[in-house]
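Atom set for the values below is all heavy atoms of this structure, side chains included, hydrogens, waters and symmetry mates excluded. Whatever order the structure lists ligands and atoms in, that order sets their numbers, starting from 1.
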Amino acid sequence: MHIIKTTDTLFKRIQFFKNKQKILGLVPTMGNLHEGHIKLILLAQKYVDIIIVSLFINPMQFNNELDFKKYPKTFYKDCEILKKLKIDILFAPKISEMYPNGTKMNTYIQVPKLSEIIEGKSRPGHFTGVTTIVGKLFNLIQPNFSFFGEKDYQQLLIIKTFVKELNYSVKIISLPTVRLKNGLAFSSRNRNLKNQELQKAPFLYQVIKQTINKIIQNNGKNLHKIINFSKISLIKKGFLIDIFDVYNAKTLDNFSKEQKKNILLASVWLGKTRLIDNKKFIL
Ligand code: PAF
């Protein structure tokens with residue numbers, strides 16, 4: 001595994017592989033690697049010759065300074081995991097390498113509407129930070145494929161949108177959410193959960209599944225009642241709810257009974273940790 005910290009070195013290494021007609025795959029991460037990342041890398045191995053993993057805790061996508069500072073940093077442990085997976089390049093730049101003029105003065109990529117609703121409403125600027133860094137990585141690496149988890153569903157749709165609308169040639173491959181046996185979605189943020197919170201956290205996915213079953217049984221009727229009931233049971237368990245609602249799985253427009261493909265998106269706080277999860281369903 002070749003650890004690269006500068007864009008110049010990365011560019012030269014990428015050209016070397018491109019000249020050899022290699023198929024390149026990028027797995028963008030913010031480190032603190034877990035089973036979800038490992039599964040993404042294993043999936044990437046099926047598609048490409050050369051795997052590049054980026055590890056960059058992107059300050060531009062944190063709308064809260066404290067959240068950025070608290071984000072788990074586990075560089076050496078991450079390197080061990082990546083070495084075992086035999087990836088080819090780990091790109092781990094410093095902030096000044098990616099944003100020489102600072103994050104506020106950097107040209108940005110913004111997807112209208114999709115990046116302003118739901119999670120984007122709660123975290124203004126978050127998705128612009130994501131699309132800008134992912135766009136920069138795509139320009140630097142020019143991967144044939146790039147791999148993302150479906151846990152961050154709105155992020156995935158936004159990335160697919162800018163790739164299409166800005167004519168990037170990379171193919172986006174997504175992986176269904178990887179879960180612990182108890183249903184809790186793997187996330188770097190789980191590390192911040194205290195013991196008691198870790199025991200409560202799987203309840204979120206249980207409630208998501210129960211809610212969807214009820215919506216299907218009721219054929220889309222009484223949606224607000226069903227959602228409110230679920231929210232109350234989450235609150236009683238100690239969750240603070242930011243988002244818990246059903247949307248059109250393709251457009252993220254509000255639910256309407258006419259549409260078939262839906263998604264329940266949830267974003268909740270457990271203590272000081274924000275957890276997100278989702279599940280698609282057909283009506
Ligand atoms: O999903 C993430 O970990 C980040 O948002 C990403 C895609 C690596 C961009 O910083």
Distance filter under 4.0 Å to P28 heavy atoms, resulting ligand 1 atoms: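 It comes down to these atoms of ligand 1: 8 (C).
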Mark up the atoms of ligand 1 that fall under 4.0 Å of a heavy atom belonging to I133, in ascending order.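 Matching atoms, with element in brackets: 9 (C), 10 (O).
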Rounded at 0.5 Å granularity, tell me how far CD1 in I232 sits from CD1 in I227.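 With rounding to 0.5 Å, CD1 (I232) is 12.0 Å from CD1 (I227).
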N262/Y247 under side-chain contact (heavy atoms from CB on, under 4.5 Å): CA gap, chis, key distance, verdict: CA-CA 6 Å; N262 301 284; Y247 302 90; over 6 Å; no
Quick test of your reading of the model: are E165 and K160 salt-bridged, counting only N-O distances below 4.0 Å? no
Below a 4.0 angstrom heavy-atom separation, can you tell me which part of I159, side chain or backbone, both or neither, approaches ligand 1? neither
For atom 4 (C) of ligand 1, what is the closest protein heavy atom, and at what distance to 0.1 Å?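 Protein heavy atom with the smallest distance to atom 4 (C) of ligand 1: Q61 NE2, 3.7 Å.
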Give me the nearest non-hydrogen protein atom to atom 3 (O) of ligand 1 as residue plus atom name, then the distance to 0.1 Å.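 Checking every protein heavy atom, the shortest distance to atom 3 (O) of ligand 1 gives M30 CG, 3.8 Å.
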When only distance counts, is Q155 in polar contact with ligand 1, meaning an N/O pair under 3.5 Å?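 Yes, Q155 has an N/O under 3.5 Å of an N/O on ligand 1.
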Classify the ring geometry of Y99 against F56: parallel below 30°, tilted from 30° to 60°, perpendicular beyond 60°. tilted
Got a sec: does the CZ of F11 have more than 12 other heavy atoms crowding it under 6.0 Å? no
